[in-house]
Amino acid sequence: MTGTRLRVENLAVAFGARRRLVGRADPLRAVDDVSFHVRDGEILGVVGESGSGKTTVARCVAGLQRYAEGTISFDDVPLGPVSARPPQLLRAIQMVFQDPRSSLNPRRTVAQCVGEAWTSFPVPGSADRRQATADLLADVGLDPDVAGRYPAQLSGGQCQRVSIARALAARPSMLVCDEAVSALDVSVQAQILRLLVDLRERHGLCMVFITHDLGVVRQVADRVVVMQHGVIVEQGPVDDVFAAPDQPYTRELLGAALDLHS
Amino acid sequence: MSERGTRTAALALGALLALTACSTTTSGDTADTGGAAERTIEVAGQYPIEDLDPHGVQGASAATGLSSKAIFSRLVQPDPDGTIVADLAADWTVNDDATEWVFTLRDDLVFSDGTPVTSADVVASFERLAAGDSPLAPSFANIVATADGDATVVLTAAAPDPALAGKLTQFFVLPASAAADPAAFFADPVGSGPFTVETFVPGEALELARNENYWGDHARVASVRISDIPEMAARLTALRTGEVDLTWGVPDDQLEPLMTADDLVVETVPSTLVYTMWFNSSTPALADTAVRRALWKAVDFETIIATLNPETGEPAKSPVAPVVFGYAPQEPVAYDPEAARAELEAAGFDFAGTPLRLHFSGAQFRPFLQAVVSDLTEIGVPVELLEKEQAVFTEDLLALNWDVNFQQVGAATYDAATNLGRLYPCAAGRNGYCNEDLDAALLEGNTSNDPEVRQDAYRRATEIIWSEAVGMYPMQVKLAYAWRSDLEGVTPDPSGFPNFSTIEIAG
Amino acid sequence: MNPLPETLEAATAAATLPPARPSRPRHLLARVFAAVPFVILGCYLVAAVVGPLLIDYDPVDTPLVDRLLAPGSRTSAGELAVLGTDHLGRDVLAQVVYGARTSVLIGVATVVVASVVGCCVGVIAGYSGGLVDTVLARIMDITLAFPGILLAIVIAGVLDGGAVVVVAALAVSGWIGIARVARGVAVSVRSRPWTDAARMLGVRPARMIVRHVLPFAAGPVVALATVEFALVVLAEAGLSFLGVGLPASTVSWGQTIANGKEYLASAWWISAFAGVALAGLVVSVGLIGDAFTQRYGRGFSR
């Protein structure tokens, strides 16, 4: 658990800087001067209330969002937008989305969703797709029979497992989980979180885990980054931050979470 | 169903109704209830009147001819039977070689504004016509008009012109002052015809009022309005509802319901028009007389006329109509498809060759020509029917860009000189046919001053044209007039120029 | 899948209202009515495909002696003219049947051309976004500003007649509606997480469009194309009625109606049967199009 894999330095993203009819609108800085890193095999939690810029950070890392300033690199290779990434880098970082249903194309079967990766990245063992799909589904705790079903025929938790299987199909090094469990029931949340932790062990993945839920961070993350209004207000090992928060905002967040959980 | 479904249905039905019924009008409430004598006679003309100038580019058109006849007068005019009679001229003489014509004007002539009509007006009008861009101008190109006193006009032709009197039926006299500023003149024209112009909207309507200064018998009605109703079905609906009092040029299939209507009168009159279907003799496939004659035999014109034009046509016996000077009846060509096929084979006709291009203009002729094509196809002659827009048709006609041509050919002058004499000489090059004997006969007919010699010359010319099948001459056109039965004094005119001044409303 | 909500609704209605009459037959009746346009369209297709094999017709052949025969008359050859004959003695039933084939062929060809062009342009515009989208969207708006039928008349009038020209002239105004719908779907699908996921898996734009965008455009496009088919059939008849449509050697309802317009008072059957055939096709296809729009028009149902 030593080598730094993802490195984000001085990241800044501005919205609303498009030309207007009259004059130029002031750009809204969604993310400003954000720096953090993720080490090998580590799960980094990013917390903050909605609008704090955590999802924007996740999309920048995933390459779905262009950024104005700063650098993002993975294994010391700069990360551009997805369309500019070389295949090796492209497959290395995969994402699990918030809404399990809309992250799956409703017109495609589970097998087609999961197998999509293999048309771009032929992975050893994917030649026999049926078996490979069944293995992947088993890996995420799904019955191989769901392969022929459509997302609408699955529960939310099953959908999220399929999403995870799809991400794993590319044999990634890192998963970016953007509120990956917040749309699920509490009991299902726990199962998915367990699965993610389990996968980290088995596949040696590192993760960026975006959430507004401190309880979730506490369960899975090794270190945590707390964001407010687009900037990082505090970061450190989970236990340290939760035990002795430096910042009033973190304390506030913790307080709110305790109220909810008690 | 949903609201949208109903809307779609309504839309489709509406469009259908528009398709099937867009040619009928419904207004029928314009028949005046006022005193019968005050009523305007409503006329639906055959063609829209675009221009009132009888010396202008529209001068030869049927529409301008109609308006001119009401507004202006001529030196001479044709009788309904084709005889040339006096109009402005009281009398005329011609010298022996038909080069000098002397016209003596009536002595009581005035224009509608009260000024007298003099020989100076006639000469000025003649010069305006001859120098202008009217299609009629070439007919008067080598003729000089001179005034001899106020009441005598002398026309001197460079070459003998025995048909001049006939040509002068298309020459209308305007005040000499008209030439100075035609635009101002035609804004409020002054003429010596039975009517004056009340209002005129080009292409739509011409309203005429009785000319109280007319030198002849005054018009019996105070006013006449000639309007254009482009769709025949709409025109006839207007006639039946009383919106229109008089119309003509009614197609045959529309006559039947008019004839059975109690409040309408229908009459037909032989016109000067003959359906003329030239063969292009410069097309290799049609260069052989035997081929042309065989093709003529292959079409059952008798049946076509009997079914499609029972009232408005009869089999023609000459390229010109009986009312035209120079008419010489021939033996109609009998329908015999077997003989036609055999003769074509004997002449080596290529049945598998490129289709003959039969071109025409005017949708009203389409059924007739479709029937012709049907008969020719029956014996294996491929024909392509090409309907062309008028301007394209005229261009292609002159360029001989056709194999079979269809036209209604008339003789507005009531003289074969303007039909046979103009269209059939080799030099005219109108149909690719050239024959020295024909040229000689036509020259004699066009130049002799002896009516009997001319008549004989055109007879010989007609025999050549007929027997050589320069074209097919299937049908003599009859013009059908229909009017409300409360009109009296309507005389159907062979040229489509009815005289409105004799019409009155029965009270 | 879909009748489910209706069933529920009927059930609730029955539960809340006094049981005046059983709801089941009414529901059945509604389904029967809904099937009527499909049955009618089927009849047209059968007539278009099979009719010409059974009935012999040559538009060039004009048996004049049999002209203007009323429906049910016998021709001189002893045949029964079920729907009468036209002004040149040609059988009206044959014209209706052959006209069905012409209308269906022209309609399908036009709609296919318009849909392919419209889908391509619309999806490319919507999926690309940015400048490409702006330019294409403006082109669509400008083309839409011309009245479609006028544009078709101009094109068909300027170019010499023929089926290809008619199809092109009608497709010129038809593709825009399709393109706008396809663009709307593409814009909406583009921001869906599953396309993000696919992009992260390295799926190329062409494959992306085919796999993840077009399937969602298909429903609304088919629904719109059905409505457009009805309009095309009507417009083709209009062009032929005006004489700028198909050449006289092909049989078209528009031409038949035009041929009969002078005979509406004396021989109504020439225009009437072709007109009824046209109206029947247009109305039933329009109803089917509406049903499709209700079912698939919104794009994201399954």
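Each chain gets a letter, A, B and so on, in the order its sequence line appears, and its residues count up from 1. As the structure is a prediction and not an experimental result, all values here were calculated from the model.
For B:Gln254, the part sitting under 4.5 Å from any heavy atom of chain C is the side chain, from C-beta outward, and nothing else. Of the atoms belonging to C:Leu88, it is side-chain heavy atoms, and not backbone ones, that fall under 4.5 Å from chain B. For B:Pro257, no part lies near chain C; criterion is any non-hydrogen pair under 4.5 Å. Heavy atoms of B:Glu378 lying under 4.5 Å from chain C belong exclusively to its side chain.
When ring centroids are compared, B:Phe368 and B:Tyr275 come within the 6.0 Å threshold.
Without hydrogens or angle criteria, C:Thr102 side chain to C:Val251 main chain gives a donor-acceptor distance under 3.5 Å.
A salt bridge between B:Asp396 and B:Arg357 is absent, with no side-chain N of the basic residue lying under 4.0 Å from a carboxylate O of the acidic one.
The distance from atom OH of C:Tyr263 to atom CD of B:Glu256, rounded to the nearest 0.5 Å, is 12.0 Å.
Between chain C and the residues B:Thr307, B:Leu385, B:Leu236, B:Asp300, the largest count of heavy-atom pairs under 4.5 Å involves B:Thr307. Counting heavy-atom pairs under 4.5 Å between each of C:Asp61, C:Leu68, C:Asn259 and chain B puts C:Asp61 at the top.
Around the CZ atom of C:Arg180, the shell of radius 6.0 Å holds no more than 12 heavy atoms that belong to other residues, nucleotides or ligands.
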